[in-house]
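Taking it in order: structure first as structure tokens, then the write-up.
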Amino acid sequence: MSSTELPGTRSADTAPAPSPRRVVRVADGEELRSVALPGLTLTVRSRPGVRTGLPPALYVHGLGGSSQNWSALMPLLADLVDGEAVDLPGFGVSPPPDDGNYSVTGHARAVIRLLDASGRGPVHLFGNSLGGAVVTRVAAVRPDLVRTLTLVSPALPELRAQRSAWPTALLAVPGVAGLFARLSRDWTAEQRVRGVLALCYGDPGLVTDEGLRHAVEEMERRLELPYFWDAMARSSRGIVDAYTLGGQHGLWRQAERVLAPTLLIYGGRDRLVSYRMARRAAAAFRGSRLLSLPDAGHVAMMEYPETVAAAARELIADHDARHDGS
């Protein structure tokens, strides 16, 4: 349910992303821009393909994350897709939505509006954790926008969540986020980052000193945002609310409606999304393929980007081969 930071519509008005008080890291080959939609502004991190004419891809991060969560994976697929990663409303460099809607449906609507406004669909769609729930909903309700679907530890409803996931769920309780902010006000940014790493990585030792430094800098920037805790709390509440929905709006029911070829990636050391959910997900997404990574935690695309890229390449290549031959 969480990711780490270490890292009718109309045409969108695009402009350079606004400069925050602290600099947001942009890797070599990446570009940032802002996309203004009615009541919504989204920051998009692009990794253009190595040649023109490549099919588009869109990457969607999890709770507490940002488009930076995909910076390790995007260049590994740049010869195959023209990639963009979005900062969901209230995360990364995207400001909060005007309507304050941080539900899974609200985030899915933001992704749909971005794709409709840009005209980039259908895309190869990726999602991690909360982003996995979001893109599952997108793929179910707007199949015309999705070529393939890759889900890394998607936050789909669990009847018995792991104890290590309880603190994240508790953020959904009114007042808890504010209380935690007060109780942790003396924590340094590095202490916070190391705590997130311990929760999200199968082996936090995989993070380099440079990666840790970048993560601490980003955490310092985030903590200065006046809406940081509100975005976390409301998005956590959105996940919990989505877990309680039944009928056609339930996430498992929507998973069964997904038509796009789907790749599921689960980590054996995931402390937030149980590894045991892999089998249920594989049964729910018709014709899906499953990649199990025993040593990975919650953010496999950051921990083992080469392995994730290889599996995604197979999915995309198989889809494109069928499409080209049709």
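We use all heavy atoms of the structure for the numbers below, so side chains are in, but hydrogens, waters and symmetry mates are not.
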Considering only heavy atoms from C-beta outward, does the side chain of [X] approach that of [Y] to under 4.5 Å?
X	Y	value
Tyr275	Asp270	no
Pro38	Arg113	yes
Met302	Asn128	no
Pro122	Val146	no
Leu114	Val35	yes
Pro89	Leu40	yes
Thr41	Ser94	no
His298	Arg271	no

Verify same cluster id: [X], [Y] (apolar side-chain graph, 4.5 Å):
X	Y	value
Leu77	Val50	no
Leu223	Leu197	yes
Val138	Tyr102	no

Measuring from [X]:[atom1] to [Y]:[atom2], what's the distance to the nearest 0.5 Å?
X	Y	atom1	atom2	result
Leu130	Ser236	CG	OG	8.5 Å
Met301	Leu293	CE	CG	12.5 Å
Arg137	Thr105	CZ	OG1	4.0 Å
Leu58	Asp82	CG	CG	11.0 Å
His319	Leu149	NE2	CG	11.5 Å
Met277	Leu264	CE	CG	11.5 Å

Which of these passes side-chain contact (heavy atoms from CB on, under 4.5 Å) with Tyr266: Leu290, Leu151, Val152, Leu291?
-> Leu290
Could you pull out the closest heavy-atom pair between [X] and [Y], with the gap in Å?
X	Y	value
Gly90	Tyr227	O-CE1, 3.5 Å
Val104	Ala242	CG2-CB, 3.8 Å
Ala140	Val258	N-CG2, 4.2 Å
Trp252	Ala281	CZ3-CA, 3.7 Å
Gly92	Leu225	O-CD1, 4.4 Å
Leu54	Ala78	CD1-O, 3.4 Å

Before accepting this row, confirm whether a basic side-chain N of the pair [X]/[Y] lies closer than 4.0 Å to the acidic partner's carboxylate O.
X	Y	value
Arg222	Glu218	yes
Arg109	Asp99	no
Arg120	Glu84	yes
Asp241	Arg237	no

Output, in order, the C-alpha distance, side-chain angles, deciding distance and verdict of side chain to side chain contact (heavy atoms under 4.5 Å, CB included) for Tyr304 and Ile265.
-> CA-CA 11 Å; Tyr304 299 98; Ile265 302 173; over 6 Å; no
Before giving the answer on side chain to side chain contact (heavy atoms under 4.5 Å, CB included), spell out for Gln68 and Val24 the whole-Å C-alpha distance, their side-chain angles and the decisive distance to 0.1 Å.
-> CA-CA 9 Å; Gln68 290 187 54; Val24 175; 3.7 Å; yes
Counting only N and O atoms by type, is there a donor-acceptor contact under 3.5 Å from the side chain of Ser46 to the main-chain atoms of Pro48?
-> no
Ser118 side chain to Leu115 backbone, donor-acceptor under 3.5 Å | yes
Glu256: what forms a salt bridge (charged side-chain N to carboxylate O under 4.0 Å, His left out) with it, not counting sequence neighbours?
-> none
Asp79: what forms a salt bridge (charged side-chain N to carboxylate O under 4.0 Å, His left out) with it, not counting sequence neighbours?
-> Arg313
Look at atom CZ of Arg279 and say whether more than 12 heavy atoms of other residues, nucleotides or ligands are closer to it than 6.0 Å.
-> no
Take Thr148 and Leu263 through the test side chain to side chain contact (heavy atoms under 4.5 Å, CB included) and record every step on the way to the result.
-> CA-CA 8 Å; Thr148 66; Leu263 169 64; over 6 Å; no
Starting from the C-alpha separation in whole Å, work towards a yes-or-no answer on side chain to side chain contact (heavy atoms under 4.5 Å, CB included) for Val81 and Arg147.
-> CA-CA 12 Å; Val81 298; Arg147 296 172 186 249; over 6 Å; no
Just say parallel, tilted or perpendicular for the rings of Tyr59 and Trp70, cut-offs at 30° and 60°.
-> tilted
Relative to each other, are the rings of His107 and Phe91 parallel, tilted or perpendicular (30° and 60° limits)?
-> tilted
Cut-off 3.5 Å, side chains only: do His214 and Arg25 have a donor facing an acceptor?
-> yes
Would you kindly say whether His61 and Ser66 are connected by a side-chain donor-acceptor distance under 3.5 Å?
-> no
When you look at Arg221 and Glu217, which way does the salt bridge (Lys or Arg N to Asp or Glu O under 4.0 Å) test go after all the steps?
-> CA-CA 6 Å; Arg221 185 191 71 81; Glu217 291 170 354; over 6 Å; no
